Amino acid sequence: MTAIGVNREFGSDVAGLGGSRAALPDLSEIAAAHLSDETRLVGGLIERAAMSSAEQKRIDQLARRLVESARSRKSASKGIEAFLQEYGLSSEEGVLLMCVAESLLRIPDHATADKLIAEKLGEGAWEKHLGHSGSLLVNASTWGLMLTGRVVRLKADESNAPLRALKRLVAGSGEPVIRSAVRQAVQILANQFVLGQTIEKALARAKSFEKQGYLFSYDMLGEAAKTEADAEAYFHRYLGAIEAVGAAAGPLDNPHPQYFMQRPGVSIKLSALHPRFEAGKEDRLAVELVPRLMQLLKAAKSAQIPVTIDTEEQERLEPTLRVFGACFLDAELANWNGMGIAVQAYGKRAIPVLRWLRQLAHRGERIIPVRLVKGAYWDSEIKWAQQRGWDDYPVFTRKLHTDVSYLACARLLLSDPSVFYAQFATHNAHSLASAYTFAGNTPAEFQRLHGMGETLYDDVLYDDSLKARCRIYAPVGGHEDLLAYLVRRLLENGANTSFVHRLGDASTPLEDIVANPVLRAEAERQDPEAAAVRIPRSE
């Protein structure tokens with residue numbers, strides 16, 4: 001990569017690309033918390049997230065109101081949320097779909113893909129799902145899966161002589177058709193999550209949401225760059241998106257942060273900008289990645305739109321912070337409040353990360369927008385830790401603990417509005433109600449994924465008594481980039497423990513959905529068996 005204004009090292013001193021020199025805050029507290037004991041850590045988070053009785057009452061009332069409203073509307077189960085409800089991971093068919101979708105990511109040839117589809121889809125009892133949902137998407141998908149399942153079962157039925165002719169026909173031409181149909185069905189499903197295949201199409205589609213009052217953050221889909229050519233291509237996609245979003249937003253008349261953060265923005269994955277974005281490559285990242293990111297950030301500053309650096313796998317956290325800090329302290333970005341970052345509450349280092357960012361903001365003398373998320377790589381993080389034989393996990397092993405961590409992080413974010421602009425990304429009514437109550441009059445916003453949480457957020461946006469600012473995180477990309485993102489979303493929201501799944505399940509009591517995670521976690525601490533880590537450590 002071509003280095004523009006070389007920044008040669010990340011050590012305690014960072015050579016700014018504009019010629020300045022500033023010190024990064026120390027990362028040792030973050031490193032020390034990597035594999036913290038979960039039970040002890042949760043005890044401290046409970047104290048941070050503790051609520052007064054008045055707060056508990058307001059939060060409970062708001063959370064109940066949001067859930068009841070979402071459940072009462074006819075739109076409570078539509079689109080992708082209806083699909084997840086019908087084919088959740090608690091059903092055999094939902095598991096089969098996930099197996100197929102995830103496996104297709106790793107199958108390079110058509111013949112093997114055909115065998116997988118024949119084996120898996122033939123096992124599903126698709127007929128029992130037909131007509132259960134009022135969603136056209138769900139019923140159309142069920143018909144396709146039902147017919148596909150019947151065809152592949154016919155192929156395997158050697159005992160039925162009259163069907164042998166049909167079997168030969170299917171063997172000759174059926175499987176490629178089935179493969180194509182399944183891939184097309186996955187693409188249709190993924191399009192429910194993706195705003196547009198190009199940034200131009202996404203901007204055009206966003207107009208109807210913007211008229212309703214929504215803001216947008218555009219995420220250019222794609223996994224980590226594997227080659228320099230990949231990184232170069234992603235760089236130009238990001239640059240094109242920044243220019244297009246800036247042009248669509250128009251000039252900014254008032255540079256005050258209150259107005260600046262009402263602008264549409266762009267989200268950037270650092271792994272897309274360098275093929276070796278990993279720990280131990282600090283020298284290369286300083287010379288090659290930092291200048292490339294700086295070009296994008298300067299373009300965003302010129303376009304007067306915010307940028308969020310997405311946080312990815314836990315093993316990339318410290319490199320992410322080093323790159324973020326190097327750019328944030330560069331003199332060329334001075335007085336620009338648009339450089340933000342995502343923080344994952346399911347990571348055991350979330351609180352130390354926020355403390356580190358607070359120090360960084362004070363040194364840069366400006367605000368850092370922070371998108372607080374729960375995290376989308378949980379399944380992978382657990383498996384990677386087990387494969388590496390670690391003594392513990394870098395993420396919380398229980399969703400309850402992640403929810404407590406989220407509220408503790410929200411408290412810290414809102415404690416210093418002079419350095420943080422809080423962005424709460426959640427589809428959980430209690431988490432949303434808590435953050436809203438904690439914020440009071442402090443400027444903040446709430447975010448949802450495109451295609452998810454519509455029933456919840458329509459109330460948040462339209463309720464005059466709330467007057468909350470809402471932003472949609474909107475993925476943009478072609479079909480070749482959709483499947484990996486789709487699998488993460490289905491894993492995150494398709495499990496029967498997810499809020500999205502439970503919201504649409506009328507059998508789930510309201511009290512369970514809006515239960516206070518801090519009180520639950522505190523009660524469990526009195527029970528050694530309940531408080532123990534449920535997932536075994538690596539052997």
Side-chain angles (χ1 to χ4, degrees), residues 38-70 343-348 350-355 358 370-375 396 398-417 420-447 453 456-457 459-460 463 465-470 497-499 502-503 508-527 530-531:
E38 184 162 348
T39 301
R40 184 167 57 250
L41 181 56
V42 170
L45 294 173
I46 289 173
E47 293 180 5
R48 282 184 168 275
M51 307 167 194
S52 67
S53 57
E55 284 179 324
Q56 289 183 39
K57 183 177 180 180
R58 288 196 297 270
I59 291 167
D60 184 71
Q61 289 175 342
L62 177 55
R64 285 173 179 273
R65 194 175 94 201
L66 291 172
V67 172
E68 288 171 347
S69 177
V343 173
Q344 298 165 322
Y346 74 178
K348 292 180 177 178
I351 291 292
V353 166
L354 289 178
R355 284 202 286 256
R358 181 169 57 190
V370 174
R371 174 191 292 148
L372 183 62
V373 303
K374 293 186 179 177
F396 294 108
R398 299 188 59 204
K399 184 182 182 301
L400 173 64
H401 296 167
T402 295
D403 289 342
V404 173
S405 175
Y406 191 90
L407 299 185
C409 290
R411 287 284 202 194
L412 180 52
L413 269 180
L414 293 165
S415 69
D416 197 348
F420 289 135
Y421 174 72
Q423 301 172 303
F424 298 108
T426 178
H427 298 144
N428 182 296
H430 188 277
S431 299
L432 194 159
S434 298
Y436 181 87
T437 301
F438 294 166
N441 295 322
T442 302
E445 70 179 47
F446 300 87
Q447 299 188 5
L456 188 67
Y457 271 78
D459 273 341
V460 177
D463 192 323
S465 67
L466 298 178
K467 298 186 183 300
R469 184 178 298 169
C470 299
T497 57
S498 77
F499 177 83
R502 296 166 75 213
L503 176 66
T508 303
L510 178 62
E511 287 70 21
D512 290 350
I513 295 180
V514 301
N516 187 330
V518 179
L519 297 180
R520 283 184 57 204
E522 192 170 21
E524 287 191 359
R525 284 178 61 79
Q526 311 306 317
D527 181 354

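By convention here, the first residue in the shown sequence is residue 1. Computed from heavy atoms alone, side chains included, the values below leave out hydrogens, waters and symmetry copies. Everything numeric here is computed off the predicted structure, so don't read it as measured data.
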Taking S405 for the side chain and Y346 for the main chain, is one N or O donor matched with an acceptor at less than 3.5 Å?
no
Looking only at heavy atoms, which two atoms of V373 and A425 are closest? And how far apart?
CG1-CB, 3.8 Å
Between L45 and H401, is any pair of side-chain heavy atoms under 4.5 Å apart?
no
Closest heavy-atom pair, R520 versus A515, reported as atoms and distance to 0.1 Å, is CD-CB, 4.0 Å
How long is the span from the CG atom in L62 to the CG atom in L432, to the nearest 0.5 Å?
7.0 Å
Calculate, to the nearest 0.5 Å, the distance between atoms CG and CD belonging to N516 and E511 respectively.
14.0 Å
Who are the side chain to side chain donor-acceptor pair (under 3.5 Å) partners of R469, not counting sequence neighbours?
Y421
Would you say CD of Q61 has more than 12 non-hydrogen atoms from neighbouring residues, nucleotides or ligands within 6.0 angstrom?
yes
To the nearest 0.5 Å, tell me how far S434 OG sits from Q56 CD.
9.5 Å
Which value, rounded to the nearest 0.5 Å, describes the distance between L412 atom CG and L372 atom CG?
10.0 Å
Going by side chain to side chain donor-acceptor pair (under 3.5 Å), name the residues that satisfy it together with S52, two or more places apart in sequence or in a different chain.
none
Main chain of S431, side chain of Y406: is a donor-acceptor contact present, judged purely on distance under 3.5 Å?
no
Restricting to non-hydrogen atoms, name the atom on A435 and the atom on L414 that form the minimum distance, rounded to 0.1 Å.
O-CD1, 4.0 Å
Would you say the side chain of E524 lies within less than 4.5 Å of the side chain of V42, judging by non-hydrogen atoms?
no
Which atom names give the shortest non-hydrogen contact between V404 and A49, and what distance separates them?
O-CB, 4.0 Å
Using a 4.5 Å cut-off on heavy atoms from C-beta on, say whether the side chain of L407 contacts that of M51.
yes
Which distance, rounded to the nearest 0.5 Å, do you find between the CD of E55 and the OG of S53?
9.0 Å
Value rounded to 0.5 Å, distance of CZ in F446 from NE2 in H427
13.0 Å
Within 45° of the axis and under 6.0 Å from the centre of the six-membered ring of F420, does NZ or CZ of R358 qualify?
no
Test your reading of the model: is there a side-chain donor-acceptor pair from T437 to the backbone of A433, 3.5 Å cut-off?
yes
Please enumerate all residues that pass ring-ring contact (aromatic ring centres under 6.0 Å, His included) together with F396, with sequence neighbours excluded.
none
Of all the heavy-atom pairs spanning L413 and V370, show the shortest one and how long it is.
CD2-CB, 3.6 Å
Would you call R371 and E445 a side-chain contact if the rule is heavy atoms closer than 4.5 Å?
no
Heavy-atom closest pair (T39 atom, R525 atom, distance to 0.1 Å) is O-NH1, 2.9 Å
